[in-house]
There are 2 protein chains.
Amino acid sequence: MSRDDSDKSGKASMAMAPGQCSPLEESRCQSCGHRSLCLPLALGLEDLDQFDTIIRRRPPLRKGELLFRQGSPFTGVYAVRSGSLKQLTAEGGGEEQLTHFYLPSELVGLDGIDEAAYAGSVIALETSTVCEIPFDRLDTLSERMPVLRAQLYRCMSKEMREDLRMIRLLSHKTADQRLATFFISMSDRFRRRGYSPYTFRLSMTRADIGNYLGLAVETVSRVLGRFQQQGLVAAAGREIHILDMDVLIAVGEEKGGR
Amino acid sequence: MSRDDSDKSGKASMAMAPGQCSPLEESRCQSCGHRSLCLPLALGLEDLDQFDTIIRRRPPLRKGELLFRQGSPFTGVYAVRSGSLKQLTAEGGGEEQLTHFYLPSELVGLDGIDEAAYAGSVIALETSTVCEIPFDRLDTLSERMPVLRAQLYRCMSKEMREDLRMIRLLSHKTADQRLATFFISMSDRFRRRGYSPYTFRLSMTRADIGNYLGLAVETVSRVLGRFQQQGLVAAAGREIHILDMDVLIAVGEEKGGR
DNA sequence: CGGAATTTTGAGCCGGATCAAAAGTAGTGG
DNA sequence: CCACTACTTTTGATCCGGCTCAAAATTCCG
C-alpha cells in the first residue's frame, strides 16, 4: 500500500526518482520480462543494445492520464511495459468508440504512421509505464536489422488480423458471443504473459467493455449475470474467474450469431 | 463459353498466352495508370525499374475466381491493377464475413504476414488483374529503398485506420448511416482513381454490401429505397448516382447512431 | 426465351437499446 | 475511522430497429 515497501528492499532504489529509476538496469530491454513478446524479441544481444539506445523511458502514467491525443502529430510508437491502456477514436461530432485495449509488450500507435497523426486517443486504465520508440530511428535501425523489420511487419499484420476478428465480432455475433469471446481473448492474453488464464483482474469498467464490444453497459451486466448463473464464470467486481473454459469458448464460436 | 472467342479478336493476341501479354510494356509500373496511388508511388525511375523486376503479372481472374484461399501459405501481396475483389474471412464453423473490397492500386494480403497464412479468401467480383509482389523480395528491396519501405508502412497503417473506421461503423451506426457511409466511401475511392464521384457502377451484389456492413440484404434494399425517395441517390441496379452528396455525408455522420 | 440469381416488398417478431432507479464501491477530507 | 460524494454496477420495464421468413418482381445470362 505505501510506497515505502519497495524502498525498504534496498538503498539503491531510494536514490532513484520515480520514472527515471535505474535507466541503466531495470529499464533496459534485456532485463524486461516482456522481451519475449515485444518488438525486439528476436534480436541478438548486440542488436538489442543498439535497440535499447533509441527507446525512451517515460514517467509512469497514472490512471486516466493521456499518452497522446487523437490527431496529435505522430512521432513514434509505444511499447507497454506495465499496466494497461485503452484507445478511443471519435468521428466528426460522434461519440467515442473504444477500439483497443493494450497490455504489456503490445505496440501502441502504429495506426498513426499513415496520416502522420495518431488515429485515436490513448489513456491509461491504471498506473502504467510505456517505452517510447521514435519512429524515424526505429525505421533507420530496421534498415540494418532484417529481424527487427520482420517483427515490425508482423506486429502491424497482427493488428490488422485482430481488427478483422473485431469486425467479425461486431458484425455477426450476439451479446453472449461477444462477451464470451472477450473473456477468452483476455484470458489468452494473460496466459501469454505468464499469468493465470483462469483468474485475472480486469482494469476496465463495464462501460469500457460495452463500448468496446458494441453493447450497452446494461447488456454487459446482464449477460455476465447469466454467465454466472450458468456456472461459466465467477465475477466479483473486476475480478474474473473462468470456471468452464470449454463451454465459454463454445459460446463464443456458436454458429449464426444473428 | 468457348475459349476461341478471344482468339478470334486478332492474330496479335493469339501469339501471346493469356496473362503474359506484353510483359515489357503494358504490365510495367511505369505505364500503369495507378502508379500515383500504388505501392511504388514515390520511387525514382531507376528504383521503379528495380521494383518492376520483382513483380509478377498474373493471368486475369474472372468473376468469382479465387486469388487465394484463407489459410493458404502467405507468399506475397498483390496490387490490384484492374477490376475489383472482395475478401471473406470465416471463423471456426461460423458464416463468412466480407471484410474488404479492393479497388485498383490497393494492396491485398498484408494481413497474412503475421501468421504466414492469408487471413481471408479473396475473390474477384469481376474480371480483374493483379500484380503479384513476392514478400521476401519486397522486403529485401525495401532495405535499400527507404521510400518504398515508408510507403509499405503507410499502406499497412492506412489499412489499420480503415479497419478502425469499420469498427466504429459496425459498433455504433444505424443502417442508414452505414449505407450512407458506404456510398460516400466508394464515391471517394472512385474520385481518387479519376472516376466520377457522382456516378459509378458497383461490382458487388446487395448481399455483399449487406454482409460487409453487417446488415441483412433486405435492410440494404429498404434503406436504399428510402434514400431514393428522399432524393439522395438514384440507383438503377448496380448503377449508382449520388444526387445530394452533402446530405448523404451528413446522414453518414449523424450523431448517436444507436 | 427460360432458369437462376438478384432485388424488392410485406408481415411479424425479438434482441438489445433506452430510460429509470436502486444498490454497491471507491476515493476524499474532516 | 467514518461520513460524504461520485462513480460504477445491477436490476426492472418498455420500446424499436433491424432480422427473419415468405413471396413476388426484376435482372442476368446463356
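Here is how names work: the chains are called A, B, and so on, in the same order as the sequence lines, proteins then strands, and each is numbered from 1. Owing to the predicted nature of the structure, the values given are computational and were not obtained by experimental measurement.
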Subject >> B:R238, CZ atom: more than 12 neighbouring heavy atoms under 6.0 Å >> reply: yes
**OP:** Check the distance between D:dG17's P and B:H172's NE2 and give it to me in whole angstrom.
**Re:** 18 Å
**OP:** Starting from the 5' end of DNA chain D, give me the residue, A:G225 or B:D176, whose nearest nucleotide shows up first.
**Re:** A:G225
Subject >> Value in whole Å for how far the P atom of C:dA17 lies from CG of A:L170 >> reply: 12 Å
Original post:
Whole Å only: how far is the CZ atom of B:R222 from the P atom of D:dA22?
Top reply: 15 Å
**OP:** Counting heavy atoms from C-beta on, name the nucleotide in C:dG16, D:dT10, D:dC19 closest to the side chain of B:L215.
**Re:** D:dC19
Original post:
Taking the six-membered ring for Trp, are B:Y102 and B:Y78 ring centroids under 6.0 Å apart?
Top reply: no
Subject >> Which atom of A:S203 lies closest to which atom of A:S84, heavy atoms considered >> reply: OG-OG, 2.6 Å
Original post:
CG of B:L224 versus P of D:dT26: gap in Å, rounded?
Top reply: 16 Å
**OP:** Could you tell me if the ring centre of B:Y212 sits under 6.0 Å from that of B:F101?
**Re:** yes
Subject >> side-chain N/O B:T219 vs D:dC19 OP1/OP2, d < 4.0 Å >> reply: yes
Original post:
Which listed nucleotide (C:dT8, D:dT10, C:dG27) is nearest to the side chain of A:V217?
Top reply: D:dT10
**OP:** Using a heavy-atom cut-off of under 4.0 Å over every strand shown, decide if A:A216 touches base, sugar-phosphate, or nothing.
**Re:** base
Original post:
What is the distance from CD of B:E218 to C1' of D:dT20, rounded to the nearest Å?
Top reply: 7 Å
Original post:
Distance check: side-chain N/O of B:K173 vs OP1/OP2 of D:dG18, anything under 4.0 Å?
Top reply: no
Original post:
For A:Q228 and D:dT10, what is the distance between atoms CD and P respectively, to the nearest whole Å?
Top reply: 8 Å
Subject >> Integer-rounded Å distance: C:dA5 C1' and B:M204 CE >> reply: 18 Å
Original post:
How is A:S221 classified with respect to the nucleic acid when contacts are heavy atoms under 4.0 Å: base, sugar-phosphate, or nothing?
Top reply: base
Original post:
To the nearest Å, how far apart are B:R238 CZ and C:dA5 C1'?
Top reply: 10 Å
**OP:** Identify the heavy atoms of A:D111 and B:M160 that sit nearest to each other, and give their distance.
**Re:** N-CE, 3.5 Å
